[in-house]
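To start, the structure itself, in structure tokens.
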Amino acid sequence: MEQDRIQTLLGGCFNGEPASCSYACPFRVELRSFLKKAAKGRWDAAYKELQTAIPFPAVAAALCAGPCEDACQARTVLGGDPVSVRRIEAAVCEYAKRKAGAAYAIPEKPERVAVVGAGPCGLSCALMLAQKKYQVTVYDRADGWGGSLRTHASFDAFDTDFRLQFAPLKTEFVFSREIGSLTELTDFDAVLLATGAGGESWGLLESRDPGLSSTSDPRVFIAGEVTGAPLMEGMAEAARAARSIESFLQTGSAASAAEVWDRGLACRFAPHPGETPSGAVVPSGAVYTQEEAKMEAARCLQCDCGACMNACELMEKYRKRPPRIATDVQQDGQSRNSVSSASITRQTWSCNLCSRCALLCPEDTDIAGLFQYSREGRVAANLYPPALHAYWLRELEEVERARAAIPGNGAVFFPGCRLSALSPELVKKTYALLQDKLGAGIIADCCGIPAWWAGEKDRFERHIDALRETWTALGKPVFITACLSCEKILARFLPEIELRSLYAVLRELGVTGSDMGLAAAAVFDPCASAEKPEVKEAVRALAAVSGVSVSEYDNGGKCCGNGGHMRLADPALYGSIVSNRSGEREEPYIVYCANCRDTFREAGKDCRHILELLTGVDAGSPTLEEKRKNILKLKEALTGDAPTADPWDRIAVTAPEEVLRKMDALLIPAGDVRRALYEAERDSAGFVDADGRLLVSLDLGSTVIWVLCVQEDGGYRLMDVYSHRMHVREEG
Amino acid sequence: MENKWTCRRCGVPLEKKKVVFEYLNNSMSHELLRCPRCGAVLIPAELAEGKMADAETLLEDK
């Protein structure tokens, strides 16, 4: 699998990354974790979270401008107040008991580092290096630490914080000593210049690398307000400079401390559906009370984009994050042994490919595209279970054999294979209408989507080529499509064909119908309708002029369950998707995709295709076998070519309701059962038992079906039908 | 499955015999009813919908 293509499909997905607030924070505090702890009143744990990233938490709580709050999604996305992070920080500093600085049980290091400037920035770097047990000496020309903060009204509090953090560490402070030249510091292995705004840098500032704080003198680093940075940024820079200095001391180069951290990523926001804006907790005093701080921290949305994961049954079931899916698709097929854990087969074949994930994604991630690519890769590598799509591919072949094309006056009706399978009568009536009003012709064919969904790229391309030929032979007419999935496929793979949606055309023609007993209904839009508001509107209008009271409902592009032909890959997931969709509204559905209609009817949900209302044709609930025959009937009606009867058509079969339902669920049409019985009769194959039961099988290639029955009244009464995908290897 | 089945073509009772199954480039064996004359193998519903389906799922998930 090509990594570039996978990266493109994964796009800018930021699931699992730090939230926007953390990207905005100069210290990169893991604010979600901090706020979660604060919300529980775990003050010591919350304080620890600050201390890990911020050398002097009380200084930051008091002086930070709070860029995290600007990037807080409670504000940027919901439009409410941002979480008052700084107030919570102040409260945490107030209520935490264990605040002494960290001291690690590691051996002392011999390297000596000089820090010039005992302001908050110099101290930040000194603290980090002292924690790593380097021999740190801090110089300042003033008679104490604090630098630019020495005159601040809250200096006493800052002084306390400095003492607290340095308490467990061995650090040498040399005050009232001005360094006049770097030559005074030649005894040191490394030097940090944190001389404050406008401070001395001995000409090295211009050579400073902003990411590493290193300079043209490999031993000398510069960070803090001397670089022109504001105080908080300077403190954060100086703390990170400690890592560069450590890298230099260990390897002779600061380069290994380089990190990728793009502050610009603070503008990536999750959509937060269902969340409402709220106001911040107002403090009753100078500092939040414990209760106030907990309540305010609980306002944190714990932002991590799960836009796709929260809106899709498949993603919900597998709980796999998009970046992980991308990795798995990348690795899938590389390893195929019994201990391979990178497999993604089931999920790949269980996706509806409806692309709702891409629709909801705030970035440009296309999970359905990843699964589609995975399917293609699997098929190309011949590492896939053919049984999952064999039924539809066979059906596609049958549709191709029953192709019919009649030219028209610049336009043709393209009903699509599912509508033709549902009701040739309905297709004929619609065609007659278009012929009458527009002089349209017709092309009875499939758009090829079963091959596309099966990942059979070559097979799909062959179909598309044939369709292009038909279109060319008919003088390149406009296609009037009855199915939005056809439209989506044609628009993408045959962009040279001009497309019009049937429903928009019928609306323009002023067609009306009858309500067929549906007083009130909801329109269930197919997944391919997401970017077709004009079609959605047209269908609602057509239902309304047919006398149906249409309720306000938009399913937001959710697939009925049929998409991607995933039902055999995960029958349980298929069942729950269909049941969820059936239950979205109590009213019967009006659909405009024949697949939606089949799916809902099979699930027992009352529903009608809009064309039934407009043509008055009741399409009923055809069985799999009837649908296969309907394709042939349409061809006969259009071309006069009578279908050749199959020799097994004469086999009479009866079956109880539960066996018929099982056959539908397993996608075994009655024709296959008849064929099994016919061939067994012809070859005297199969098995019989003392009770007169007969058991016969038929190998369909990827699937073997078995029929258990008794002979009765010159025909067969079915008792059970089942199938398997394994094959017996003849031996001995 | 108790052996009460007869091969329709050969008219002889089936016998238990080890047979080899293949699926997705893997194979496994199981004792099954088989016609001793023509070799036709009977796969009962319990096996197809039970152990075989489980094995199919396992191999497909690989």
Side-chain angles (χ1 to χ4, degrees), chain A residues 332-333 335-350 378 382-388 568-571 662 666 680-681 683-697 702-708 719-732, chain B:
Chain A
D332 193 29
S335 158
R336 190 167 161 81
N337 57 51
S338 51
V339 291
S340 158
S341 61
S343 161
I344 195 168
T345 321
R346 187 69 54 190
Q347 197 176 3
T348 285
W349 297 102
S350 301
R378 279 281 185 170
N382 199 26
L383 297 172
Y384 72 112
L388 301 184
L568 293 185
D570 194 337
K662 187 175 173 187
L666 294 172
E681 226 173 62
D683 308 335
S684 352
F687 309 97
V688 287
D689 74 357
D691 303 328
R693 295 188 305 171
L694 174 65
L695 181 60
V696 303
S697 65
S702 61
T703 313
V704 179
I705 65 166
W706 288 82
V707 182
L708 179 69
M719 299 169 77
D720 194 10
V721 174
Y722 55 93
S723 65
H724 56 80
R725 297 166 189 171
M726 290 189 163
H727 278 69
V728 171
R729 188 166 75 202
E730 292 299 336
E731 265 203 354
Chain B
M1 190 180 196
E2 131 197 30
N3 182 16
K4 53 188 178 179
W5 292 96
T6 307
C7 175
R8 200 179 176 194
R9 184 182 300 140
C10 310
V12 295
L14 304 189
E15 287 173 10
K16 274 201 167 174
K17 204 179 169 214
K18 202 182 210 180
V19 298
V20 178
F21 290 99
E22 278 186 341
Y23 187 51
L24 301 175
N25 304 321
N26 289 275
S27 58
M28 57 195 68
S29 62
H30 193 79
E31 204 162 73
L32 273 186
L33 289 178
R34 186 175 180 179
C35 173
R37 197 164 298 168
C38 71
V41 174
L42 185 154
I43 296 174
E46 310 84 81
L47 183 70
E49 292 169 354
K51 276 187 181 172
M52 273 172 90
D54 293 345
E56 285 164 2
T57 303
L58 275 174
L59 293 172
E60 285 164 4
D61 279 347
K62 260 204 228 166

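- Both the backbone and the side chain of B:Ala45 have a heavy atom closer than 4.5 Å to some heavy atom of chain A.
- Nearest heavy-atom pair, B:Ala48 versus A:Ser723, reported as atom, atom and distance to 0.1 Å: CB-O, 4.0 Å.
- Not counting sequence neighbours, A:Ser684 has no partner by the side chain to side chain contact (heavy atoms under 4.5 Å, CB included) test.
- Using a 4.5 Å cut-off between heavy atoms, B:Thr57 touches chain A through backbone and side chain atoms alike.
- Judged by distance alone, with hydrogens and angles left aside, the side-chain atoms of B:Arg9 form no donor-acceptor pair with the main-chain N or O of A:Ala685 at under 3.5 Å.
- If you measure heavy-atom distances from B:Leu32 to chain A, you find no contacts under 4.5 Å at all.
- Listed for the B:Glu56 side chain is a donor-acceptor partner under 3.5 Å among the backbone atoms of A:Met726.
- Heavy atoms only, all atoms of each residue included: B:Leu14 and A:Phe687 are closest at CD1-CD2, 3.6 Å.
- Note on A:Ala680, A:Ala569, A:Gly686, A:Pro386: by heavy-atom pairs under 4.5 Å with chain B, the leading option is A:Gly686.
- Here the straight-line distance linking atom CZ of B:Phe21 with atom CZ of A:Arg729 works out to 11.5 Å at 0.5 Å rounding.
- Residues B:Asp61 and A:Arg346 approach most closely at OD1-NE, 2.8 Å, considering heavy atoms.
- Heavy atoms only, all atoms of each residue included: B:Glu49 and A:Tyr722 are closest at OE2-CB, 3.0 Å.
- At least one side-chain heavy atom of A:Val696 sits under 4.5 Å from a side-chain heavy atom of B:Arg8.
- For the side chain to side chain contact (heavy atoms under 4.5 Å, CB included) test, residues two or more places apart in sequence or in another chain that qualify with A:Ser697 are A:Val704, A:Trp706.
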